[in-house]
*Asks:* 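Would you mind keeping the following structure in view while I ask a few things?
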Amino acid sequence: MEMKKILITGGAGYIGSHTAVELWNAGLEPIILDDFSNSQEEVLDRLEEITGKRFACYRGDCNQRAVLDQIAKDHQLEGVIHFAAFKAVGESTQQPLAYYKNNLGSLLVLLEFMREKGIFNLVFSSSCTVYGQPDVLPVTEATPRKDAESPYGNTKKIGEDILLDYVKSKPGIRVVALRYFNPVGAHPSAKIGELPMGTPQNLVPFITQTAAGIRQKLTLFGNDYDTPDGSCVRDYIHVVDLADAHVKALSFLFEKPLDFYDVFNVGTGRGNTVLEVIHAFEQVNGLKLAYEIGPRRAGDVVKTWADTQKINAVLGWYPKYSLEDCMRDSWRWQQTLAN
Ligand code: WQD
């Protein structure tokens, strides 16, 4: 029997590529669409090394209806996982129109495409950023969303609103939005991982590039917050655990009625401070990291971590990797990259 084919937009990216592996492991065939604006084609070779399968890949973006139509002509698609989006918080404040056009425009084109081609299942990549600084912790799916701190965060919030309004109009689609906390780590094979373009904005790639000597030192953005050691708290989730959540979300959707919409937090349920991340990295890799305490970063949430009871109970999903696993895998991946 032919495998169910799933379109992964942004499938050559960090989370997309790891999800392609987990889909394959679950007996589903990924079909990749990527414009390679924030990913590299050699990821396809690495994916073939890991899975033994050369996944079909189309270069383009979801704003290009023609490329979507070509994919639907070549493949009978059973669902879509929509990762493709610009995701740099700082950049989004400089280029808001580009973010709204790309992130929301592509979602609208994709939804029309799905309806016309009779594709009923969509997993949408959302973010804990929609919660801003929660008033109560841990964060549940009922925690009120707050005004976004950035155009990037707003595209996730508006994206969710578009999907909910659309489902209410009964177009015949099933949707799950996954609110990621902080994705980190890399595939244990060290063949795929995070490939930040330019200077990393996120903590863990900056740590690994500092350890690799690419960056002179890490600046810890503030240690005077109301937290156990003064540095900010986040819920760091291994990218393979996050990828697995997408597979479980799809399987869940296949069983649901049409015109269904639901949201799940995807985190570990554990909060760790920046200093705890640094110390875990040092300890598990036997390294001393060069870092200094610097000023707070504007817009930073002080502390947030997920309540995972819903995704545990409804999707039967649980994280398998620890913070130490994340730090070990991030470093192993960094060491495969040219300095
Ligand atoms: C984590 C902590 C920083 C860099 C962002 C997006 C979010 C999601 C994940 C896409 C903070 C501190 C960081 C550094 C530091 N992206 N830090 N020195 O800001 O929680 O979330 O990425 O979905 O939407 O907002 O992640 O890794 O940037 O920061 O001290 O050089 O590390 O202050 O406390 P963040 P981050």
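Whatever order the structure lists ligands and atoms in, that order sets their numbers, starting from 1. As the structure is a computational prediction, the values presented were derived from the model and not from experiment.
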*Asks:* What residue and atom, counting heavy atoms only, is the protein's closest point to atom 26 (O) of ligand 1, and at what distance?
*Replies:* N182 ND2, 3.1 Å

*Asks:* Taking only heavy atoms of Y236 into account, list the atoms of ligand 1 that are under 4.0 Å away from them.
*Replies:* 1 (C), 2 (C)

*Asks:* So does V89 get a backbone contact from the side chain of S150, meaning a donor-acceptor N/O pair under 3.5 Å?
*Replies:* no

*Asks:* Got a donor-acceptor contact below 3.5 angstrom from the D325 side chain to the S322 backbone?
*Replies:* yes

*Asks:* Does K217 offer a backbone N or O that forms a donor-acceptor pair with the side chain of E292 under 3.5 Å?
*Replies:* no

*Asks:* Under a 3.5 Å cutoff, is there a donor and acceptor pairing between the side chains of R174 and N121?
*Replies:* yes

*Asks:* Is there a nitrogen or oxygen of F181 sitting under 3.5 Å from a nitrogen or oxygen of ligand 1?
*Replies:* no

*Asks:* In chain order, what residues pass the side chain to side chain donor-acceptor pair (under 3.5 Å) check against S92, with sequence neighbours excluded?
*Replies:* none

*Asks:* Is a side-chain donor or acceptor of K248 paired with a backbone partner of I311 at a separation under 3.5 angstrom?
*Replies:* no

*Asks:* Does D262 reach the side chain of K256, with side-chain heavy atoms less than 4.5 Å apart?
*Replies:* no

*Asks:* When you measure from the side chain of Y99 to the backbone of L104, do you find a donor-acceptor pair of N or O atoms at a distance under 3.5 Å?
*Replies:* no

*Asks:* For atom 36 (P) of ligand 1, which candidate among L275, N202, V89 provides the closest heavy atom?
*Replies:* N202

*Asks:* Going by the atom numbers of ligand 1, which of them fall below 4.0 Å from some non-hydrogen atom of C232?
*Replies:* 34 (O)

*Asks:* Taking 4.0 Å as the limit for heavy-atom contacts, which would you say applies to D300 with ligand 1: side chain only, backbone only, both, or neither?
*Replies:* side chain

*Asks:* Give the residue and atom name of whichever protein heavy atom lies nearest to atom 23 (O) of ligand 1, and the separation in Å to one decimal.
*Replies:* Y152 OH, 2.6 Å

*Asks:* Please check: side-chain N/O of D34 versus main-chain N/O of A12, any donor-acceptor pairing under 3.5 Å?
*Replies:* yes

*Asks:* What protein heavy atom is closest to atom 8 (C) of ligand 1, reported as residue, atom name and distance in Å?
*Replies:* S127 OG, 4.5 Å

*Asks:* Can you figure out which of R297, R215, Q201, R234 has its heavy atom closest to atom 19 (O) of ligand 1?
*Replies:* R297

*Asks:* If you measure from each heavy atom of Y225 to ligand 1, is any distance below 4.0 Å?
*Replies:* no

*Asks:* Considering the heavy atoms of L218, write down every atom of ligand 1 situated less than 4.0 Å from one of them.
*Replies:* 14 (C), 18 (N), 31 (O)

*Asks:* With heavy atoms only and a cut-off of under 4.0 Å, state how T219 meets ligand 1: side chain, backbone, both or neither.
*Replies:* backbone

*Asks:* Checking the N or O distance criterion of under 3.5 Å, is ligand 1 in contact with F221?
*Replies:* yes

*Asks:* Numbering the atoms of ligand 1 from 1, which are under 4.0 Å from a heavy atom of L220?
*Replies:* 30 (O)

*Asks:* Are the side chain of D241 and the backbone N or O of Y321 linked by a donor-acceptor pair below 3.5 Å?
*Replies:* yes

*Asks:* For atom 12 (C) of ligand 1, what is the closest protein heavy atom, and at what distance to 0.1 Å?
*Replies:* V274 CG2, 3.9 Å

*Asks:* Distance to 0.1 Å, residue and atom name: give those for the protein heavy atom nearest to atom 27 (O) of ligand 1.
*Replies:* L203 N, 2.8 Å

